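Keep in mind the model is a prediction, meaning the values are calculated, not measured.
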Amino acid sequence: MTRIAVRLLLAGLMAFATCLASAPAQAAVPDSPAVTYTNPIAEKRADPHIFKHTDGYYYFTASVPEYDRIVLRRATTIQGLKTAPETTIWTKHAGGVMGAHIWAPEIHFIDGKWYVYFAAGATEDIWAIRMYVLEGTGANPLTATWTEKGQIRTQWESFSLDATTFVVNGVRYLAWAQRDPSVNNNTDIYLAKMANPWTITGTPVMLSRPTYSWETVGYKVNEGPAVIQRGGKVFMTYSASATDANYCLGMLTASASADLLSQASWSKNPTPVFASSAATSQYGPGHNSFTVSEDGKSDILVYHDRSYKDISGDPLYDPNRRTRVQKVYWNADGTPNFGIPVADGVTPQRFSSYNFPDRFVRHYDYRARIEANVTKLADSQFRVVPGLAGSGTVSLESANFPGYYLRHENFEVWLRKNDGSAQFASDATFRQRAGLADPAGVSYESYNYPGRYVRHWEYLLNVQAVSTATDRADATFYTQ
């Protein structure tokens with residue numbers, strides 16, 4: 001090759017590289033697109049557990065206010081559980097053990113059979129709470145034949161409840177809450193391997209004891225363990241404190257390759273990962289489980305809470321805990337982010353930038369922008385609601401400031417409280433279009449300035465006319 005040819009080739013490569021550098025980046029459609037639900041899923045149902053089976057059904061069970069029976073519902077969608085008929089599959093004993101305080105059932109499918117784990121007291125001592133197992137045979141657990149497998153025996157004959165089971169690297173474990181008779185508290189979290197679905201084996205290990213101030217309000221409690229796994233990590237959430245507005249979720253984390261039966265393998269978050277939110281009128285969120293969305297692409301947090309803070313009498317007997325769901329998001333470091341318990345009604349979404357895929361729409365000091373690593377999740381969540389100005393339009397309501405909407409002021413996008421004026425309604429209303437740069441995304445056209453779209457400019461959101469490919473890319477977002 002001649003020197004001239006080499007120079008021409010290098011010049012061409014440099015020009016091509018320059019074009020690549022100046023072209024806007026393009027995001028792939030998100031692996032976990034938006035899913036929304038309308039809360040609550042079930043009234044007067046506490047300690048909820050939703051299990052998605054291979055038959056295409058979601059199975060739902062929970063504590064009933066009477067604490068006297070175990071119920072099941074099923075539906076092909078999570079939202080469908082709200083109106084699904086409910087079947088009682090087992091009723092408390094008339095006397096003796098399993099005769100009182102039927103609490104916190106969970107349903108699992110193990111080796112071709114159904115198993116329900118639950119806690120119960122006895123008629124002669126309603127606080128002699130222990131863990132028990134039912135075994136069901138049949139394709140549909142609502143019509144299965146159920147037999148009692150008896151009590152799960154642990155290291156002590158003491159207050160124990162909230163059994164859950166999970167598998168890591170082919171090993172099945174049982175996690176539960178129990179009172180250590182030698183310690184002046186209520187319950188700790190324990191873990192053991194299982195010999196079969198109703199029997200533990202080996203020496204249990206204590207994973208977590210209530211020591212932080214947020215774990216010891218009213219009662220010194222760690223209970224209701226639930227496990228979610230991702231990226232080679234095992235995350236175990238649990239509930240802490242009394243079952244009133246102080247109830248909240250903590251979290252333990254371990255590597256899936258570590259010895260899970262060593263307390264040293266687990267680290268504990270020093271602060272709650274999910275707690276009451278006065279802004280959204282959600283109090284005492286806890287006793288959660290996890291499931292997955294209908295498309296299998298999103299993790300879903302299932303939990304109960306109340307819509308009011310103050311309770312008359314013992315909160316244990318207040319019947320108004322409701323089952324709720326919302327999407328789990330994942331931080332850049334691989335940890336789950338539960339955000340806040342969102343307001344009743346439709347659950348919020350996030351909006352990622354088409355050409356800056358790690359950046360999400362968020363508000364900061366009420367200014368709307370796109371930003372990466374938004375660990376204060378609710379700042380980047382918005383409810384897509386019917387437009388304030390008219391049918392066929394939408395408005396974007398803040399998740400953590402209900403009643404506040406994205407609106408344009410002098411063509412800048414801000415988060416503002418709805419003042420009820422016609423001007424506000426017009427400025428906070430948009431027409432949702434297919435994404436200008438990718439129809440799989442969305443773009444938002446101003447209601448009162450047709451032809452102008454929400455787009456980012458130097459990472460701040462504005463309402464501007466679009467004409468170039470870069471404009472269209474800046475005005476396109478993916479819902480997550």
Side-chain angles (χ1 to χ4, degrees), residues 47-54 58-62 104-119 131-136 141 149 152 154 160-178 187-208 222-239 249-263 265-269 273-274 286-292 296 298-303 328 330 334-336 338:
D47 314 321
H49 187 259
I50 296 177
F51 171 73
K52 187 180 184 184
H53 191 40
T54 54
Y58 288 91
Y59 292 91
F60 166 61
T61 187
E106 286 198 7
I107 185 166
H108 297 264
F109 191 76
I110 304 170
D111 298 333
K113 292 186 178 181
W114 296 98
Y115 292 91
V116 169
Y117 297 83
F118 66 101
M131 300 178 293
Y132 299 92
V133 185
L134 302 178
E135 181 183 77
K149 302 304 289 186
I152 300 176
T154 66
S160 54
L161 71 168
D162 296 346
T164 191
T165 184
F166 60 96
V167 175
V168 178
N169 294 327
V171 178
R172 180 167 293 280
Y173 296 88
L174 188 82
W176 70 97
Q178 187 162 12
T187 51
D188 308 320
I189 301 294
Y190 290 88
L191 184 70
K193 291 183 180 179
M194 301 195 79
N196 57 46
W198 59 92
T199 310
I200 66 171
T201 183
T203 303
V205 59
M206 191 271 288
L207 298 185
S208 180
N222 283 178
E223 65 182 14
V227 167
I228 187 170
Q229 301 180 54
R230 181 182 167 105
K233 298 286 187 180
V234 181
F235 304 97
M236 181 182 290
T237 55
Y238 63 90
S239 300
L249 292 185
M251 189 172 74
L252 308 171
T253 304
S255 168
S257 61
D259 177 7
L260 299 185
L261 292 175
S262 169
Q263 188 187 58
S265 297
W266 297 83
S267 61
K268 184 175 184 176
N269 275 52
V273 294
F274 199 56
H287 202 115
N288 76 289
S289 59
F290 296 102
T291 189
V292 295
S298 295
D299 296 302
I300 305 297
L301 175 69
V302 184
Y303 64 98
V328 177
W330 295 89
T335 58
F338 306 116

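Evaluation of the side chain to side chain contact (heavy atoms under 4.5 Å, CB included) rule for T335 yields F235, N331, D333 as partners, not counting sequence neighbours. F290 meets the ring pair (Phe, Tyr, Trp, His ring centres under 6.0 Å) test with no other residue; sequence neighbours excluded. With sequence neighbours left out, the side chain to side chain contact (heavy atoms under 4.5 Å, CB included) criterion links S262 to D259, A264, S265. The side chain to side chain contact (heavy atoms under 4.5 Å, CB included) test applied to R172 returns I110, T165, V167, M194, not counting sequence neighbours. Residues satisfying the ring pair (Phe, Tyr, Trp, His ring centres under 6.0 Å) criterion with Y117, sequence neighbours excluded, are H108. A search for side chain to side chain contact (heavy atoms under 4.5 Å, CB included) contacts involving K52 returns Y58, T291, V292, not counting sequence neighbours. Annotation: ring pair (Phe, Tyr, Trp, His ring centres under 6.0 Å) contacts of Y173 (sequence neighbours excluded): F166. By the salt bridge (charged side-chain N to carboxylate O under 4.0 Å, His left out) test, D188 pairs with R209, sequence neighbours left out. Residues satisfying the ring pair (Phe, Tyr, Trp, His ring centres under 6.0 Å) test with Y115, not counting sequence neighbours, are none. For E223, the side-chain hydrogen bond (donor to acceptor under 3.5 Å, both in side chains) criterion is met by Y247, not counting sequence neighbours. Among residues two or more places apart in sequence or in another chain, the side-chain hydrogen bond (donor to acceptor under 3.5 Å, both in side chains) test is passed with T199 by N196.
Of all heavy-atom pairs between L191 and L207, the closest is CB-CD1, 3.8 Å. For the pair F60 and P48, the tightest heavy-atom approach, listed with the atom from each and the gap, is CE1-CB, 3.8 Å. L161 and A119 get closest at one heavy-atom pair: CB-CB, 3.7 Å. Here the closest non-hydrogen pair linking A177 and T187 is CB-CB, 4.1 Å.
Using a 4.5 Å cut-off on side-chain heavy atoms (C-beta onward), L174 and Y190 make no contact.
For the atom pair CE of M251 and CG of N288, the computed distance is 11.0 Å after rounding to the nearest 0.5 Å. Between S255 atom OG and W266 atom CH2 the span is 10.0 Å, to the nearest 0.5 Å.
Aromatic pair H49/F51: centroids not less than 6.0 angstrom apart. Note: W114 and Y59 meet the aromatic proximity criterion, with ring centroids under 6.0 Å apart.
Counting only residues at least two apart or in different chains, salt bridge (charged side-chain N to carboxylate O under 4.0 Å, His left out) contacts with residues 109-119 comprise K113-E135.
The local environment of NZ in K149 is crowded, with over 12 non-hydrogen atoms from other residues, nucleotides or ligands closer than 6.0 Å.
With hydrogens and angles ignored, the 3.5 Å screen pairs a side-chain donor or acceptor of S239 with a backbone N or O of H287.
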